[in-house]
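The sequence lines fix the lettering, A, B, ..., with proteins before strands; numbering per chain opens at 1. The structure displayed is predicted, hence computed values, not measured ones. Atoms considered below: every heavy atom in the structure, side chains included; atoms not considered: hydrogens, waters and symmetry mates.
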Amino acid sequence: MTTNDPSIEGKPVTDQPVHIDADDDLPEQMRVRREKRARLLETGREPYPVGFPRTATLAEIRERFGDLPTDTATGEKVGVTGRVIFIRNTGKLAFATLRAGDGTELQAMLSLDRVGQEALDDWKRLVDLGDHVGIEGEVITSRRGELSVLADRWEMTAKSLRPLPVAHKPMSEESRVRQRYVDLIVRPQARETVRTRATVVRSLRESLHNRDYLEVETPMLQLLHGGAAARPFVTRSNALDTDLYLRIAPELFLKRCVVGGIERVFEINRNFRNEGVDSSHSPEFAMLEAYQAYADYNTMATMTRELVQEAAFRLSGSHVVRHHDGTEFDLGGEWREVTLYGSLSEALGEEVTVETPMPRLMEFAAKHDVPIDPKWGPGKLAEELFEALVVPGLIAPTFVRDYPEETSPLTRAHREVPGLTEKWDLYVLGFELATAYSELVDPVVQRDRLVAQSLLAAKGDPDAMQLDEDFLRAMEYGMPPAGGMGMGIDRLLMALTGLGIRETILFPIARPE
RNA sequence: GGGCCGCUAGCUCAAUGGCAGAGCUGCGGACUUUUAAUCCGUAGGUUCAGGGUUCGAGUCCCUGGCGGCCCA
């Protein structure tokens, strides 16, 4: 709490949030619910009590009494809680469906002869859809066989002041994203996605721990902009009197860890990129990065496949996952491997290599209506052609290997083909899921590459990295040969569920209302 | 960045340029076995904002806001 902030006290009264008696302006349904809250208080009851003597969860009751025959009384007294999601009142008998946070539903029944006239009338008068209630009573089944708690007593445990959306019509996508809490209340799929994500992240951590990796947390606020090619967010430190960058990647710090002897290291955390927002891009996104000494990009490919397959197995018990639309997606077995230039040559119907000169590549670009930027070199243009012509067809998991040196300044040169690097991108469902390198560890070559990057930055390329002298100093102490891999967590969820990125992120960024 | 579509009651959606409506929700009533309960009655609106055309604009035009889809 910050209510002691002295700066508030000196302000004129007009700047204070004015407490208006707004009830007259509220929509009828919200006014009515506030009146019901007030009526509870007036009659000495708490609309928001400190708790309720719950003796069993709804799931436990379903578990224990799931096979109870129709129209049976057990004599078993329980206390249960839940949110009211359906109400069916008759004259002297009321039914309500309660739902718990895990999605389990159970019926509550209130009969005149058990609770008395006053409690039954209050129930009908004061309880709305969406309220949290507690019920004490006997576990029974109704004449229609529905497992129920027949109340001796009921209590409001949290009055809902806003009406729930209609349960039988889907909310608009915008409402779902802007009011995820409501989405979670009414849509089982929304709750399921949260659980799926937690399962996947836990699976990744356990898979890495099982391989003797250590998890670390490296700076999110960075003095220099580096580790990838992307536009950063800039913020300000008052204490240091300097600009700071929200990190675009943890790479340069995880490599410092490897220099320091943490030979298997990973981080799962957020990166921030000041770029476009669409169905597969979010300005903040969760990422796994992992580095392993004495590994290379082949090692990392095998491990990446295993991490994804183990996550799939945790979700579905096999390497075949079921997408939200019901289609099955097979992530099992070995995955296809192609090379960047090989797959591009196939798409163009003509051989191109890292040697293919710029004018020839520009002809291909013109022929296939791929727009070009005069600042690009032949490597960048080849990658753009690849993204336009090959990527959309990469549905089954595919490793695309051996990228041009020009676009991969932190990657080791290919051990056989000059001009290429030992880098792969993993594509699935037409988007990039992960990337890995045989890391560049020669500090002299690294310095040359980073100086070239910083010259680009100085010339105004907002994506280009700044020269990180401290990183180079670390590299000069000697980093062992290593493989490094990065995987988008949100995109892994997309691959496993078939959902859009705004569904896999619990609270995606939205413009102000 | 370009194009297209949308924004109307708490929610989901209707409404040839001519009285702003439906279903669910809400409110009042009936009902002791309901399952999106049913039946009777009833309330609920700054039609995203601003401007324009018109006797008359939710509807047509312009500007802006927000969202979605497609393209680059």
For nucleotides 21-32 of chain B, give me one character per nucleotide, 5' to 3': B if any protein heavy atom sits under 4.0 Å from the base, S if the only such contacts are to the sugar-phosphate, - if neither. ---BBSS---BB
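B:U35 atom P lies 18 Å from atom CZ of A:Arg99, rounded to whole Å. Protein atom CZ of A:Arg31 is 10 Å distant from nucleotide atom C1' of B:G44, rounded to whole Å. The CE-P distance, from A:Met30 to B:G44, rounds to 18 Å in whole Å. Rounded to an integer number of Å, the gap from A:Glu146 CD to B:U35 P is 11 Å. In this entry the distance linking CG of A:Leu98 with P of B:U35 reads 17 Å, nearest Å. Atom P of nucleotide B:A36 and atom CD of A:Gln107 are separated by 11 Å, given to the nearest angstrom.
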Could you walk me through whether A:Glu155 and A:Arg153 pass the salt bridge (Lys or Arg N to Asp or Glu O under 4.0 Å) check? CA-CA 7 Å; A:Glu155 209 176 287; A:Arg153 188 174 82 82; 2.6 Å; yes
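Searching all strands for a Watson-Crick or G-U wobble partner of B:U47 with both distances below 3.5 Å returns nothing. Pair assignment for B:C31 gives none, since no Watson-Crick or G-U wobble pairing has each distance under 3.5 Å. When Watson-Crick and G-U wobble pairs are counted only if both distances are under 3.5 Å, B:G26 pairs with B:U42. Nucleotide B:C60 forms a pair with B:G52, judged by Watson-Crick or G-U wobble geometry with both contacts under 3.5 Å. Nucleotide B:C66: paired with B:G6 (Watson-Crick or G-U wobble, both distances less than 3.5 Å). Searching all strands for a Watson-Crick or G-U wobble partner of B:C19 with both distances below 3.5 Å returns nothing.
Nucleotides B:A30 and B:A37 place their C1' atoms 14 Å apart, quoted to the nearest Å. With C1' as the reference atom, B:G50 and B:G41 are 41 Å apart, rounded to whole Å. When the C1' atom is used for both B:G23 and B:A9, the distance is 12 Å, rounded to whole Å. Taking atom P in both B:G64 and B:G28, one finds a spacing of 48 Å when rounded to whole Å. Between B:U25 and B:C13, the two C1' atoms lie 14 Å apart (nearest whole Å). Separating the C1' atom of B:G17 from that of B:A72 is a span of 39 Å, rounded to the nearest Å. Rounded to whole Å, the C1' atom of B:A43 lies 15 Å from the corresponding atom of B:C24. As rounded to the nearest Å, B:A14 and B:C7 have P atoms that lie 7 Å from one another.
Sorted by first and then second residue, the ring-ring contact (aromatic ring centres under 6.0 Å, His included) pairs with a member in residues 38-74 of chain A form an empty list; sequence neighbours excluded. Residue pairs meeting the ring-ring contact (aromatic ring centres under 6.0 Å, His included) criterion with at least one partner in residues 343-384 of chain A, sequence neighbours excluded, are absent. Among residue pairs with one or both ends in residues 86-109 of chain A, those qualifying as ring-ring contact (aromatic ring centres under 6.0 Å, His included) are A:Phe86-A:His168; sequence neighbours excluded.
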Counting only pairs under 3.5 Å, give me each side-chain donor-acceptor contact of residues 397-404 of chain A, with atom names and distances, residues two or more places apart or in other chains.
{"residue": "A:Thr398", "atom": "OG1", "partner": "A:Ala396", "partner atom": "O", "Å": "2.8"}
{"residue": "A:Arg401", "atom": "NH1", "partner": "A:Asn298", "partner atom": "OD1", "Å": "2.9"}
{"residue": "A:Arg401", "atom": "NH2", "partner": "A:Tyr297", "partner atom": "OH", "Å": "3.1"}
{"residue": "A:Arg401", "atom": "NH2", "partner": "A:Asn298", "partner atom": "OD1", "Å": "3.1"}
{"residue": "A:Asp402", "atom": "OD1", "partner": "A:Tyr297", "partner atom": "OH", "Å": "2.7"}
{"residue": "A:Asp402", "atom": "OD1", "partner": "A:His414", "partner atom": "NE2", "Å": "3.4"}
{"residue": "A:Asp402", "atom": "OD2", "partner": "A:His414", "partner atom": "NE2", "Å": "3.4"}
{"residue": "A:Tyr403", "atom": "OH", "partner": "A:Asp425", "partner atom": "OD2", "Å": "3.1"}

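At B:C11, none of the side-chain N or O atoms of A:Arg162 fall inside 4.0 Å of OP1 or OP2 (strictly under the cut-off).
Around the CD atom of A:Glu118, the shell of radius 6.0 Å holds no more than 12 heavy atoms that belong to other residues, nucleotides or ligands. Counting non-hydrogen atoms of other residues, nucleotides and ligands closer than 6.0 Å to CD of A:Glu46 gives a total above 12.
Between the side chains of A:Asp121 and A:Gln117, a donor-acceptor pair is found at a separation under 3.5 Å. No side-chain donor from either of A:Gln29 and A:Arg34 sits under 3.5 Å from a side-chain acceptor of the other.
Within residues 58-74 of chain A, no residue has any heavy atom under 4.0 Å from RNA chain B.
The side chain to side chain contact (heavy atoms under 4.5 Å, CB included) with A:Leu120 is formed by just one residue from the set A:Leu112, A:Asn89, A:Asp113, A:Leu93; it is A:Leu112.
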